[in-house]
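Note: hydrogens, waters and symmetry copies are ignored here, and every other heavy atom, side chains too, is used. It should be emphasised that the depicted structure is a prediction, and the values quoted were computed from it without experimental measurement.
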There are 2 protein chains.
Amino acid sequence: MTIDPGGDRAPEDLTARARIRDAALRIFADRGIDQATIREIAKAAGVSSGLVRHHFGSKEALRDACDAYAVERMNQIRQQIFTEGRSRDQAFMGTVHPVAMLMQRYLARSFLDGSEAAAARFDDMVRLSEQWLTDHGIVPRDLRAYAAVFVVMQMGVFAMPEQVSRAMGADVRTPEGNARMLAAMVDIFAHPLLTPEEAAMSFEALDRFIARSPEGGARNEARPKE
Amino acid sequence: MTIDPGGDRAPEDLTARARIRDAALRIFADRGIDQATIREIAKAAGVSSGLVRHHFGSKEALRDACDAYAVERMNQIRQQIFTEGRSRDQAFMGTVHPVAMLMQRYLARSFLDGSEAAAARFDDMVRLSEQWLTDHGIVPRDLRAYAAVFVVMQMGVFAMPEQVSRAMGADVRTPEGNARMLAAMVDIFAHPLLTPEEAAMSFEALDRFIARSPEGGARNEARPKE
DNA sequence: CGCGGGACTACACACGTGTGTAGTATCTTG
DNA sequence: CAAGATACTACACACGTGTGTAGTCCCGCG
């Protein structure tokens with residue numbers, strides 16, 4: 001099953017440029033950005049490889065276009081869910097949207113590969129997480145590290161869909177499999193996994209390492225790129 | 001700072017074969033397996049590229065050797081920590097060991113890239129997680145999905161060290177930065193992030209999707225490859 | 001000493017890659 | 001209609017890759 005990043009439009013109705021971008025987004029998300037080839041994308045879009053270059057200039061520029069489009073689509077979906085008054089469960093329901101699923105996988109790949117745009121996007125997500133945590137009255141020992149780890153944990157789930165699918169016995173790239181995976185995430189975050197005693201012992205041991213470092217103790221220095 | 005996968009031995013004391021394997025492990029973990037090149041590994045090991053082939057036959061075989069060595073080293077470390085009677089916090093303290101840090105990053109890359117050995121290793125970790133959860137008296141709604149997601153979440157942290165480091169403002173590839181990151185993980189798992197009401201609403205919404213699928217409801221079918 | 005085998009290197013090959021270029025079709029617009 | 005731009009293709013180039021091959025060095029052993 002292939003997901004159309006454009007939504008409900010039929011592929012033949014799209015311009016070649018849009019078809020290329022959609023194919024790139026999907027293949028980038030599936031194979032990883034470095035592994036994907038221009039020719040493969042062109043073939044999937046039903047055009048020549050030269051046309052990809054004609055429209056986007058380079059692979060890097062094509063990736064930038066995908067980044068921008070992914071962010072735009074995610075914002076659209078967020079907006080749509082929000083204005084539909086589904087704010088109760090927006091955080092998780094948004095991710096079962098087929099297009100959102102694809103975008104999440106694309107973004108995860110983007111984080112893995114690394115780029116300026118990806119870094120900026122990641123920092124956005126960390127900021128959003130910090131806000132969410134603060135709004136929920138959660139006050140971690142180390143807010144920034146907490147939020148950063150929180151984000152990578154969530155994205156890790158979208159970064160290794162094959163492993164999760166095989167272990168679960170259901171394809172997480174389908175809405176149903178994805179929903180089941182998300183339900184497991186909710187379950188994880190709904191209950192504590194460590195007893196206070198276990199956590200205290202781990203903290204004590206880990207703090208010894210952190211304190212040993214000259215920089216490890218500093219926690220609230222200026223954010224890189226605010 | 002580069003970590004020596006072999007431990008405390010000086011690089012010049014190792015055989016060329018071991019130096020190649022160590023260099024491969026480190027470069028695979030840093031760049032990703034597909035991105036790493038034989039020539040780069042050879043250069044890092046101080047040998048010719050032909051020697052890599054002479055000793056390992058192919059890149060895939062080199063990777064297999066790294067897989068086997070990573071598992072072996074991880075078991076050694078686990079054993080060591082266990083026999084030292086540090087079982088209280090073994091789960092997290094083991095991962096601050098410099099070699100263990102590297103192996104975790106290697107394994108994460110391995111999961112991302114995908115291979116038979118990686119899949120088997122992942123399934124091992126899922127099984128271990130299921131056991132750990134059961135031993136801790138945690139009974140999730142969907143044990144297999146829960147354990148699978150739990151594993152990818154943890155590995156996701158090791159898969160995107162650059163993103164976490166930048167957001168945290170400290171390199172998680174150092175023992176201190178890693179310890180700080182792990183402390184954040186402990187903090188996340190020590191307290192619930194969702195209220196029972198929030199979790200219930202999310203479950204209700206997600207279950208609608210799961211129930212819609214013919215396969216989504218089945219959860220305890222035979223494990224693939226037990 | 002002789003010599004055989006493993007460690008090791010230098011070099012070449014085939015291939016896939018992103019990119020460049022020239023040319024053709026198709027659409028737009030005055 | 002004319003003509004210029006735009007969409008699009010086919011083909012070639014330079015380069016890095018994993019892999020193959022021939023040859024050299026060196027150590028152990030009869």
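Residues that satisfy the side-chain hydrogen bond (donor to acceptor under 3.5 Å, both in side chains) test with Ser48(B), not counting sequence neighbours, are absent from this structure.
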Scan nucleotides 23-29 of chain C against the protein and return all N/O pairs shorter than 3.5 Å with their distances rounded to 0.1 Å.
none

Would you tabulate the pairs of protein nitrogen or oxygen atoms and nucleotide nitrogen or oxygen atoms of nucleotides 22-29 of chain D closer than 3.5 angstrom?
none

Between the protein and nucleotides 6-9 of chain C, list every N/O to N/O distance that falls short of 3.5 Å.
residue: dA7(C); atom: OP2; partner: His54(B); partner atom: NE2; Å: 3.3
residue: dC8(C); atom: OP2; partner: His55(B); partner atom: NE2; Å: 3.1
residue: dT9(C); atom: OP2; partner: Ser48(B); partner atom: N; Å: 2.7
residue: dT9(C); atom: OP2; partner: Ser48(B); partner atom: OG; Å: 2.7

### Task
Output, in order, the C-alpha distance, side-chain angles, deciding distance and verdict of salt bridge (charged side-chain N to carboxylate O under 4.0 Å, His left out) for Arg121(B) and Asp67(B).
CA-CA 9 Å; Arg121(B) 178 71 182 155; Asp67(B) 276 338; over 6 Å; no
### Intermediate values then yes/no, salt bridge (charged side-chain N to carboxylate O under 4.0 Å, His left out), Asp113(A) and Arg63(A)
CA-CA 11 Å; Asp113(A) 187 80; Arg63(A) 192 199 161 166; 2.7 Å; yes
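If you measure from atom CD1 of Ile38(B) to atom P of dA12(C), you get 20 Å, rounded to the nearest angstrom. What separates CZ of Arg39(A) from P of dT19(C) is a distance of 11 Å, to the nearest Å. If you measure from atom CD of Glu40(A) to atom P of dG18(C), you get 10 Å, rounded to the nearest angstrom.
Leu193(B) places a side-chain heavy atom less than 4.5 Å from the side chain of Leu133(A). Between Phe111(A) and Met160(B) the shortest side-chain heavy-atom distance falls below 4.5 Å. In this structure the side chain of Met103(B) never reaches within 4.5 angstrom of the side chain of His97(B), judged on heavy atoms.
Judged by distance alone, with hydrogens and angles left aside, the side-chain atoms of Lys59(B) form a donor-acceptor pair with the main-chain N or O of Ala36(B) at under 3.5 Å. Judged purely by atom type and a 3.5 angstrom limit, Arg17(A) uses its side chain to pair as donor or acceptor with the backbone of His55(A).
Taking the centre of each ring, Phe150(A) and Phe189(A) come in below the 6.0 Å mark.
Minimum heavy-atom separation, Ser49(A) to Ile38(A): O-CG2, 4.0 Å.
Considering CD1 of Ile20(A) and CG of Leu62(A), their distance stands at 8.0 Å, rounded to 0.5 Å.
Listed by residue number, Ser58(B), Lys59(B) are the residues of residues 56-65 of chain B with a heavy-atom contact under 4.0 Å to DNA chain D. Looking at residues 29-36 of chain A, you'll see that no heavy atom sits under 4.0 Å from any atom of DNA chain D.
With respect to the salt-bridge test (charged N to carboxylate O, under 4.0 angstrom), the residues Asp22(A) and Arg19(A) do not qualify. A salt bridge links Asp123(A) with Arg166(B); the closest basic N to acidic carboxylate O contact falls under 4.0 Å.
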